[in-house]
Number of protein chains: 2
Amino acid sequence: MNKMQVPIENHHFPWDHPRFRSWIAVARACQLMQQSLSRRLTHLDIKPPHLDILVNLYRFDGITQQELARKLLVGRSNMSMLLPQLEKRGLIERRGDARDKRVLRLSLTPTGRTLTEEAMEIQTALIESSHGGTPIEDCVKVAEAMEQIIATLLKEDDLPAGG
Amino acid sequence: MNKMQVPIENHHFPWDHPRFRSWIAVARACQLMQQSLSRRLTHLDIKPPHLDILVNLYRFDGITQQELARKLLVGRSNMSMLLPQLEKRGLIERRGDARDKRVLRLSLTPTGRTLTEEAMEIQTALIESSHGGTPIEDCVKVAEAMEQIIATLLKEDDLPAGG
DNA sequence: ACATATTTGTACAACGATGAACAAAATGCA
DNA sequence: TGCATTTTGTTCATCGTTGTACAAATATGT
């Protein structure tokens with residue numbers, strides 16, 4: 001409780017603010033994790049964005065492109081670019097809905113499911129190992145802080161890329 | 001200490017792991033923060049990547065492109081694409097070093113410094129407000145966890161984009 | 001029923017980021 | 001000195017992401 005005692009609250013620069021410094025660390029960690037994950041997925045010939053898609057199809061079978069885009073916080077056009085690639089590779093399927101002829105319902109093929117499980121193991125291993133000595137209870141604290149931020153930003157800001 | 005008691009460690013799926021769930025929240029918060037910041041910077045006609053550059057020139061005047069790229073965890077080619085834009089807009093200057101004719105030393109122009117200060121205020125305000133009720137001590141906890149991850153990933157992985 | 005508005009997916013141009021290949025300058029070693 | 005290696009920045013093709021514009025299907029309101 002007594003480390004680096006600061007006599008006066010002397011916050012002239014952003015990087016002197018505790019919250020600012022904390023957030024910079026979050027952003028850097030995210031960037032490094034993304035890069036590291038990207039390298040570990042090369043032999044599966046997918047990248048983090050594809051994995052995000054696959055994992056969501058793994059959890060939510062039959063989801064639509066719109067719902068998927070909302071979950072991933074990206075634009076619909078993004079899905080329109082990436083999903084045909086995964087479809088051509090035989091990892092996913094897109095079937096039209098009988099009720100609503102606008103939507104395409106997405107699901108994993110057996111090949112896609114196998115690949116997703118393999119990739120998820122890689123991701124889990126990376127996350128576990130990079131957290132090193134950080135105790136679980138601290139991770140829970142982190143999650144709470146992040147959920148707070150997520151909730152705030154989701155309220156303030158409209159979702160990206162409407163149409 | 002007694003919430004949601006789990007009888008057996010039953011981690012069949014990645015999203016059942018506390019660390020995994022925590023990290024997903026981190027990634028989502030990052031993504032939303034980036035998008036929100038991007039919108040708030042539109043009237044200054046810059047985006048988060050540009051702001052990262054400007055802030056680093058603000059702190060480290062006379063830095064080289066290589067050093068800047070390392071700090072930002074991006075490739076050198078990235079700087080070669082972005083810096084000429086900022087130079088043409090009169091926000092930064094690139095002067096050759098007399099000792100080492102390979103390097104270009106970067107610095108902010110008065111215009112660039114003013115714009116940077118303006119943008120940093122926006123970023124600081126966004127970070128502060130989105131953290132809402134999260135106490136400072138929790139932010140310190142977050143920072144510690146992130147530094148742990150950063151240290152681990154910087155050791156394991158080589159920096160991106162060699163040459 | 002009909003006109004209007006909203007929703008869902010696509011096409012396209014623009015931009016940031018990457019990695020590889022390259023030229024110029026500096027460094028190391030013999 | 002001379003030659004190989006390393007470092008610094010650029011160029012280029014490629015890819016993921018965005019926002020806009022657009023067509024088709026659905027929902028809403030009169």
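Letters go in sequence order (proteins before strands), and every chain restarts at 1. Source: prediction; values computed, not measured.
Using modelled atom types, one side-chain atom of B:T109 and one backbone atom of B:G90 make a donor-acceptor pair closer than 3.5 Å.
A sub-4.0 Å separation between OP1 or OP2 of C:dT10 and a side-chain N or O of A:Q65 is present. The phosphate of D:dC15 has neither OP1 nor OP2 within less than 4.0 Å of any side-chain N or O from A:H50.
For the pair A:K88 NZ and D:dC15 P, the interatomic distance rounds to 13 Å; values are reported in whole Å. To the nearest angstrom, P of C:dC15 lies 14 Å from CG of B:L86. Rounding to whole angstrom units, CE of residue A:M81 and P of D:dT14 are separated by 15 Å. Between the P atom of D:dT17 and the CD1 atom of A:I53 lies a distance of 8 Å, rounded to the nearest Å. When the P atom of C:dG16 is taken as reference, atom CG of A:N78 falls 17 Å away, rounded to whole Å. The separation between B:L68 atom CG and D:dT7 atom C1' is 17 Å, rounded to whole Å. A straight line from CG of A:L82 to P of D:dT14 spans 18 Å, rounded to a whole angstrom. In this structure, CG of B:D52 is placed 13 Å from P of C:dG16, rounded to the nearest angstrom.
Comparing B:T64 and A:M79 along DNA chain D, the residue whose closest nucleotide (by nearest heavy atom) sits nearer the 5' end is B:T64. Nearest-nucleotide positions on DNA chain C place A:R94 closer to the 5' end than the other of A:R94 and A:Q31.
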Produce the list of close N/O pairs, under 3.5 Å, pairing protein atoms with atoms of nucleotides 25-28 of chain D; give distances to one decimal.
from, atom 1, to, atom 2, distance (Å)
D:dT26, OP1, A:R99, O, 3.3
D:dT26, OP1, A:K101, N, 3.1

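For the pair A:E87 and A:R89, the salt-bridge criterion is not met [side-chain N within less than 4.0 Å of a carboxylate O].
The two residues A:P49 and A:L82 come nearest to each other via the heavy atoms CB-CD1, 4.4 Å. Between A:S22 and B:C139 the shortest heavy-atom distance is OG-O, 3.2 Å.
For B:Q35, the listed nucleotide lying nearest its side chain is D:dT18; candidates were C:dT8, D:dT18, D:dC12.
Using a 4.0 Å heavy-atom distance criterion, A:Q85 is classed as a sugar-phosphate-only contact.
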One pair to check against side chain to side chain contact (heavy atoms under 4.5 Å, CB included): B:F13 and A:R59. What are the steps and the verdict? CA-CA 10 Å; B:F13 300 107; A:R59 295 187 68 174; over 6 Å; no

Check against side chain to side chain contact (heavy atoms under 4.5 Å, CB included), B:W23 and A:C30: CA-CA 9 Å; B:W23 183 255; A:C30 252; 4.1 Å; yes

Side-chain donor-acceptor distances from residues 119-129 of chain A under 3.5 Å, at least two apart:
from, atom 1, to, atom 2, distance (Å)
A:T124, OG1, A:M120, O, 2.8
A:E128, OE1, B:R19, NE, 3.2
A:S129, OG, A:A125, O, 3.2
A:S129, OG, A:L126, O, 3.1

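The base of C:dG9 is not paired with the side chain of A:S80 by any donor and acceptor separated by under 3.5 Å.
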